[in-house]
Chemist: 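The structure follows.
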Amino acid sequence: MNKRLRILGLVIGLSLILSAGLGSRNTYACECGCSMVCDNRCQFACSGCSLSEAIESSMECCDGAHAATGDTGPCAVMSAS
Amino acid sequence: MNRLPLAARRTILLAGCAICLLSIVAVSVNLRTHSQQPNVPSQANKDSLLKFVESSSEVPLKIAGNDSCPFRILQATVKKVSGSDFSRLTGRTTNQATVSTVPEVKLVNTSQQTITAFLLVVRDPQSRTSRGFVQQKVSIGPGETYLVKREHFVNPEKQTIAATNQPARQIVAQPSLASDKYWLQFDGTSDEVFVTVGKVTFSDGATWLIQEGGDVK
């Protein structure tokens, strides 16, 4: 009986450690989104990143966005249609 | 009831308790859901709240990593409102007691070179979230100051305008403080939110990058 209880405890303990580990990995997945706006400015937002990761990922994202759109004009409010 | 066997009475009692417990949980969840829904204010109330927020005083925002930075932050301020006012203004719910706008930041080039690009970031280290922008193609000479307005964090958006006897037309306009884009909605309730310059690029192609450590995290 004691042996069974020990095995059960071990299985539950390992499951908890494994799920906590997986959970923390998901929480800290670094993701950044960005978009090129007017005045050659690229706005970004990052989640799950350290500061260094956020800077690196946002620069990478913004370089890609800038390459795709090219330079953007001034931010004057304008008529669209 | 007394004629029922003991086991049956216990089952009925347990079932009754379970129903009561479930009812209490359902009622409390319902109450919580209702309390999180923003009150929808009239347009006049919303306009007066907007004017109140626009004229409210500026609150300093924590600055980090400033000491070694060649593009030094002189001042960073935000406007703050209660969570309920935020909901009335933007129509969005929040769990935070107070919500801050994106900052207005005044910087100075303390280097001997012209700055051509920089990255400014607002960060909540507790929730590991960051928001900011990369400004390219600028020319900020040595000793010159530069003002980052709140608008720099917010993308101009298309709005439809309809006037009497005229066809509706679309314009591109800067959103007002009633737009949730103007507000920092970090998950944490941390007071550790700070603003910092992450990267500076000079006219000769050299770059300066912030180093993590201490308050810079």
Side-chain angles (χ1 to χ4, degrees), chain A residues 5 8 12 15-81, chain B residues 64-65 102 116-125 127-138 148-149 151-161 167-175 181 184-188 194 196-201 207 209-217:
Chain A
L5 276 175
L8 187 67
I12 290 171
S15 304
L16 284 173
I17 291 166
L18 195 65
S19 60
L22 286 174
S24 63
R25 264 185 68 183
N26 286 339
T27 306
Y28 294 128
C30 174
E31 284 181 355
C32 288
C34 71
S35 64
M36 202 67 200
V37 296
C38 48
D39 256 347
N40 288 308
R41 195 160 43 247
C42 173
Q43 291 167 355
F44 66 84
C46 301
S47 61
C49 308
S50 68
L51 180 62
S52 314
E53 287 171 335
I55 291 168
E56 192 182 332
S57 297
S58 58
M59 287 300 300
E60 204 173 293
C61 184
C62 285
D63 285 347
H66 189 215
T69 61
D71 285 356
T72 54
C75 287
V77 171
M78 62 193 97
S79 181
S81 63
Chain B
V102 287
T116 54
F118 67 91
L119 181 150
L120 190 75
V121 60
V122 184
R123 178 165 171 81
D124 177 15
S127 62
R128 294 170 67 93
T129 45
S130 310
R131 181 177 168 186
F133 64 84
V134 179
Q135 179 66 64
Q136 291 168 325
K137 310 248 172 174
V138 283
V148 170
K149 294 179 180 174
E151 290 80 30
H152 288 198
F153 290 88
V154 183
N155 194 9
E157 56 189 29
K158 282 184 181 176
Q159 292 176 2
T160 305
I161 291 184
R169 63 195 178 95
Q170 278 197 324
I171 61 158
V172 176
Q174 195 66 39
K181 291 176 184 172
L184 295 172
Q185 296 171 71
F186 294 133
D187 288 338
F194 65 85
T196 191
V197 175
K199 189 176 181 181
V200 179
T201 307
T207 57
L209 197 63
I210 196 167
Q211 297 297 314
E212 280 191 75
D215 278 350
V216 185
K217 52 191 176 184

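The analysis underlying the following values was restricted to heavy atoms, covering all of them including side chains, and did not include hydrogens, waters or symmetry mates. Order of the sequence lines sets the chain letters (A, B, ...), proteins ahead of strands, with each chain counted from 1.
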Chemist: Report the option among B/Gln135, B/Arg131, B/Lys217, B/Glu151 that has the most heavy-atom pairs separated by less than 4.5 Å from atoms of chain A.
Modeler: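 Of the candidates given, the most pairs with chain A belong to B/Gln135.
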Chemist: Roughly how far, to the nearest 0.5 Å, is the CG atom of B/Leu119 from the CD atom of A/Glu56?
Modeler: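 Those atoms lie 12.0 Å apart.
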Chemist: State the CZ-CD1 distance between B/Arg123 and A/Ile55, to the nearest 0.5 angstrom.
Modeler: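 Here the interatomic distance stands at 8.5 Å.
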Chemist: What distance do B/Asn155 atom CG and A/Cys38 atom SG have between them, rounded to the nearest 0.5 Å?
Modeler: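 Here the interatomic distance stands at 6.5 Å.
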Chemist: Hey, could you give me each pair passing side-chain hydrogen bond (donor to acceptor under 3.5 Å, both in side chains) that has a residue in residues 65-76 of chain A? Not counting sequence neighbours.
Modeler: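 Pairs touching residues 65-76 of chain A that pass the test: A/His66-A/Asp71, A/His66-B/Gln136, A/Asp71-B/Lys137.
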Chemist: Select, from A/Cys32, A/Ser52, A/Ser35, A/Ala45, the one with the greatest count of heavy-atom pairs under 4.5 Å involving chain B.
Modeler: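 The residue among A/Cys32, A/Ser52, A/Ser35, A/Ala45 with the greatest pair count is A/Ser52.
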Chemist: Tell me, side chain or backbone of B/Val138 under 4.5 Å from chain A's heavy atoms, or both, or neither?
Modeler: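 For B/Val138, there is no contact with chain A at all, as no heavy atom is under 4.5 Å.
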Chemist: Shorter than 4.5 Å, heavy atoms on both sides: which option in B/Val134, B/Val122, B/Leu120 has the most such pairs with chain A?
Modeler: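 Top option by heavy-atom pairs under 4.5 Å: B/Val134.
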Chemist: Do side-chain atoms of A/Arg41 reach the backbone of B/His152 as a donor and acceptor pair under 3.5 angstrom?
Modeler: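 Looks like yes, one N/O pair under 3.5 Å.
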Chemist: Tell me the closest heavy-atom pair linking A/Phe44 and B/Phe133, and the distance in Å.
Modeler: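 So the two residues come closest at CE2-N, 3.3 Å.
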Chemist: Are any of the side-chain heavy atoms of B/Arg128 and A/Glu53 separated by less than 4.5 Å?
Modeler: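 Side-chain contact under 4.5 Å: yes.
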Chemist: Taking every non-hydrogen pair under 4.5 Å, which of B/Gly198, B/Gly132, B/Pro156 racks up the most with chain A?
Modeler: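 Most heavy-atom pairs within the cutoff with chain A belong to B/Gly132.
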Chemist: Who among A/Glu31, A/Gln43, A/Met36, A/Met59 has the most heavy-atom pairs with chain B under 4.5 Å?
Modeler: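 It is A/Gln43.
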Chemist: Calculate, to the nearest 0.5 Å, the distance between atoms CZ and OG belonging to B/Phe186 and A/Ser47 respectively.
Modeler: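 Reported to 0.5 Å precision, the distance equals 11.0 Å.
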Chemist: CG of A/Leu51 to CZ of B/Phe194: how many Å apart, nearest 0.5 Å?
Modeler: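 The CG atom of A/Leu51 sits 5.5 Å away from the CZ atom of B/Phe194.
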Chemist: Is chain A contacted by the side chain of B/Leu209, its backbone, both, or neither, given a heavy-atom distance below 4.5 Å?
Modeler: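 It is the side chain, since no backbone atom gets that close.
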Chemist: Looking at A/Ala54, A/Ser50, A/Cys62, which has the largest count of heavy-atom pairs under 4.5 Å with chain B?
Modeler: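 Among the listed options, the one with the most contacts to chain B is A/Ser50.
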Chemist: Considering only heavy atoms, which portion of B/Lys199 lies under 4.5 Å from any heavy atom of chain A: side chain, backbone, both, or neither?
Modeler: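 Only the side chain of B/Lys199 comes within 4.5 Å of chain A.
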Chemist: Output the option from A/Asp39, A/Asn40, A/Val37 having the highest count of non-hydrogen pairs under 4.5 Å with chain B.
Modeler: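 If we count pairs closer than 4.5 Å to chain B, A/Asn40 comes out on top.
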